[in-house]
There are 2 protein chains.
Amino acid sequence: MSNLQKQAEEMIRRRGERVTSSRVQILAMLLAEQRAVTHHEIEERLRNTHRLDRVTLYRVLEWLNDKCFVHKVVSDDRAWRFRANTHIYPHQHAHFECMRCTTVICLDEMKVEYDRPLPAGYRSQEIELTVKGLCAECT
Amino acid sequence: MSNLQKQAEEMIRRRGERVTSSRVQILAMLLAEQRAVTHHEIEERLRNTHRLDRVTLYRVLEWLNDKCFVHKVVSDDRAWRFRANTHIYPHQHAHFECMRCTTVICLDEMKVEYDRPLPAGYRSQEIELTVKGLCAECT
DNA sequence: GCTGAATTGCAACAAAGTTGCATCTACTAT
DNA sequence: ATAGTAGATGCAACTTTGTTGCAATTCAGC
């Protein structure tokens with residue numbers, strides 16, 4: 001069992017949640033990646049090492065998201081992407097999305113600011129900034 | 001024929017594009033709304049007044065977007081929303097999305113700023129800011 | 001009105017995600 | 001160590017959102 005798998009298992013156990021092999025495999029894989037990946041990519045990646053139903057993957061990802069082990073990112077291709085939360089994310093966070101290869105990276109250190117108030121009666125709970133352009137490899 | 005329908009027709013004709021009843025109806029409807037609406041909402045709305053195939057609606061919306069009569073917005077429910085462009089939008093624009101009723105409004109006047117550079121080799125072409133929270137009606 | 005290219009409708013398809021239910025498994029109490 | 005049980009998984013079927021191919025129709029210029 002790899003280091004990351006041990007780490008993933010430990011993360012889940014320490015929160016008093018049920019440890020299952022799917023959860024460990026998926027979380028370990030997301031910890032290994034330093035970016036937001038799609039359901040499809042995860043499925044491909046785990047196909048050889050771990051037998052896993054499509055539906056279970058959806059459910060595990062949803063669960064990991066609910067428990068704040070990972071977070072979701074929407075993008076233009078209408079598919080969710082998931083990324084492991086290695087530390088507590090601030091309420092505001094930013095992403096970069098490459099318009100060619102559609103890779104999404106998190107720009108964690110970026111501070112988001114806006115200079116005008118919302119319309120009357122509106123309350124902000126979360127701010128998401130997406131910078132779109134070309135990544136280093138696609139430039 | 002309503003005022004907005006005349007206006008929609010005029011907008012299309014003045015650009016030298018082909019005027020069809022679907023385009024006029026859809027653009028007029030989007031001009032009437034002051035917000036980003038889904039394909040589904042448009043379909044419902046036009047059902048009674050105008051016979052219209054689902055596919056045609058998708059194609060007209062895509063066309064209106066290509067010709068810059070409207071613009072697209074992604075949101076968490078994985079469905080595109082469309083909003084009429086009443087003026088030329090700046091390269092950076094912001095949206096507010098209600099986490100309860102999922103309505104999206106454009107915060108056109110909002111200026112987006114970020115305080116750190118992108119990773120080396122990355123080029124930004126567009127910035128999208130989404131503020132999430134509760135709208136006036138859902139508060 | 002006629003013509004050709006653009007637009008539309010229909011049917012079939014595809015991707016991403018969801019639901020219901022029977023089976024299996026991780027944890028708890030003994 | 002074992003059994004019981006709540007919770008997790010697998011499977012099949014379904015839904016939503018959007019796309020593609022092609023034949024029929026319509027718009028705009030003559």
Side-chain angles (χ1 to χ4, degrees), chain A residues 1 5-6 8-28 36-47 49-67 69-82 102 104, chain B residues 1 5 8-27 36-47 49-67 69-82 102 104:
Chain A
M1 199 186 211
Q5 282 172 325
K6 271 184 219 138
E9 180 177 336
E10 206 36 43
M11 283 169 72
I12 297 169
R13 198 178 298 285
R14 212 174 306 154
R15 289 257 200 98
E17 300 292 347
R18 282 173 94 129
V19 175
T20 72
S21 102
S22 298
R23 287 176 181 173
V24 172
Q25 297 293 323
I26 293 167
L27 181 52
V37 288
T38 60
H39 174 275
H40 187 68
E41 289 176 284
I42 302 169
E43 202 176 10
E44 288 284 292
R45 198 68 101 63
L46 295 182
R47 169 161 306 163
T49 53
H50 187 75
R51 193 180 176 303
L52 174 68
D53 190 67
R54 237 164 52 82
V55 178
T56 303
L57 178 49
Y58 278 114
R59 291 201 267 231
V60 169
L61 289 170
E62 201 58 41
W63 182 88
L64 289 170
N65 183 65
D66 287 348
K67 304 294 179 190
F69 291 115
V70 305
H71 64 278
K72 278 184 179 185
V73 186
V74 228
S75 71
D76 276 3
D77 61 4
R78 311 183 316 112
W80 290 111
R81 281 154 210 276
F82 296 85
T102 73
V104 175
Chain B
M1 199 186 209
Q5 283 172 325
E9 182 179 335
E10 205 38 42
M11 284 170 71
I12 296 169
R13 197 179 299 284
R14 209 174 308 153
R15 289 257 200 97
E17 300 292 346
R18 277 171 98 132
V19 175
T20 72
S21 102
S22 298
R23 287 177 182 173
V24 172
Q25 298 292 323
I26 294 167
L27 180 52
V37 288
T38 60
H39 174 275
H40 187 67
E41 289 175 285
I42 302 170
E43 203 175 8
E44 288 284 293
R45 199 67 102 63
L46 296 182
R47 171 160 306 162
T49 53
H50 187 75
R51 193 181 177 302
L52 175 68
D53 190 67
R54 237 166 51 83
V55 177
T56 302
L57 178 48
Y58 277 114
R59 291 201 268 230
V60 169
L61 289 170
E62 201 59 41
W63 183 88
L64 288 170
N65 183 64
D66 287 348
K67 303 294 177 188
F69 291 116
V70 305
H71 65 277
K72 278 184 178 183
V73 185
V74 228
S75 72
D76 278 2
D77 61 4
R78 312 185 314 114
W80 290 110
R81 282 153 209 275
F82 297 84
T102 74
V104 175

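Reminder, nothing fancy here: chain letters follow the sequence lines and each chain counts from 1.
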Taking atom [atom2] of [N] as reference, at what distance in whole Å does atom [atom1] of [X] sit?
{"X": "B/Arg15", "N": "D/dC27", "atom1": "CZ", "atom2": "C1'", "value": "19 Å"}
{"X": "B/Asp66", "N": "C/dA6", "atom1": "CG", "atom2": "C1'", "value": "15 Å"}
{"X": "A/Asp53", "N": "C/dT18", "atom1": "CG", "atom2": "P", "value": "14 Å"}
{"X": "A/Arg59", "N": "C/dT19", "atom1": "CZ", "atom2": "C1'", "value": "8 Å"}
{"X": "A/Phe82", "N": "C/dA16", "atom1": "CZ", "atom2": "P", "value": "12 Å"}
{"X": "A/Trp63", "N": "C/dT18", "atom1": "CH2", "atom2": "P", "value": "18 Å"}
{"X": "A/Asp77", "N": "D/dT19", "atom1": "CG", "atom2": "P", "value": "12 Å"}
{"X": "B/Glu41", "N": "D/dT16", "atom1": "CD", "atom2": "P", "value": "15 Å"}

Is the phosphate of [N] approached by [X] (side-chain N or O, under 4.0 Å from OP1 or OP2)?
{"X": "B/Thr56", "N": "C/dG9", "value": "yes"}
{"X": "A/Arg18", "N": "D/dA6", "value": "no"}
{"X": "B/Thr20", "N": "C/dA6", "value": "no"}
{"X": "A/Trp80", "N": "C/dG17", "value": "yes"}

Next on the checklist: Please check: side-chain N/O of A/Arg47 versus main-chain N/O of A/Ile42, any donor-acceptor pairing under 3.5 Å?
Outcome noted: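 No, the answer is negative, given that no donor and acceptor are paired below the 3.5 Å cut-off.
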Next on the checklist: Tell me whether B/Arg15 contacts the main-chain N or O of B/Lys67 through its side chain, where contact means a donor paired with an acceptor under 3.5 Å.
Outcome noted: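 Yes, the answer is positive, given that a donor and an acceptor are paired below the 3.5 Å cut-off.
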Counting only side-chain heavy atoms from C-beta out, which of [options] sits nearest to [X]?
{"X": "A/Val19", "options": "C/dC27, D/dG18, D/dT16", "value": "C/dC27"}
{"X": "B/Tyr58", "options": "D/dA8, D/dT19, C/dT7", "value": "D/dT19"}
{"X": "B/Val55", "options": "D/dG18, C/dA6, C/dA11", "value": "C/dA11"}

Next on the checklist: Under 4.0 Å, counting only non-hydrogen atoms across every strand here, what does B/Arg54 touch: a base, just sugar-phosphate, or nothing?
Outcome noted: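 B/Arg54: base contact, heavy atoms under 4.0 Å.
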Checklist entry - Base, sugar-phosphate, or nothing for A/Thr38, non-hydrogen atoms under 4.0 angstrom? => result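 No contact.
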Next on the checklist: Closer than 4.0 angstrom, basic N to acidic O: yes or no for A/Glu62 and A/Lys72?
Outcome noted: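 So A/Glu62 pairs with A/Lys72 through a salt bridge.
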Checklist entry - Starting at the 5' end of DNA chain D, which residue's closest nucleotide do you reach first, A/Arg51 or B/Ala79? => result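 It is A/Arg51, whose closest nucleotide lies nearer the 5' terminus.
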Item to check | Upstream residue (5' side of DNA chain D) when B/Glu17 and B/Glu62 are each assigned their closest nucleotide | outcome: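 Mapping each residue to its closest nucleotide by heavy atoms, the 5'-most match is B/Glu62.
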Checklist entry - Starting at the 5' end of DNA chain C and moving along, which residue's nearest nucleotide shows up first, A/Arg13 or B/Leu52? => result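 Result: B/Leu52.
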Item to check | Residues B/Thr38, B/Glu41; criterion side-chain hydrogen bond (donor to acceptor under 3.5 Å, both in side chains); working and verdict | outcome: CA-CA 5 Å; B/Thr38 60; B/Glu41 289 175 285; 3.2 Å; yes
Checklist entry - Has B/Arg23 got its NZ or CZ under 6.0 Å from the middle of the six-membered ring of B/Trp63, at an angle within 45 degrees of the ring axis? => result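 Yes, cation above the ring, under 6.0 Å and within 45°.
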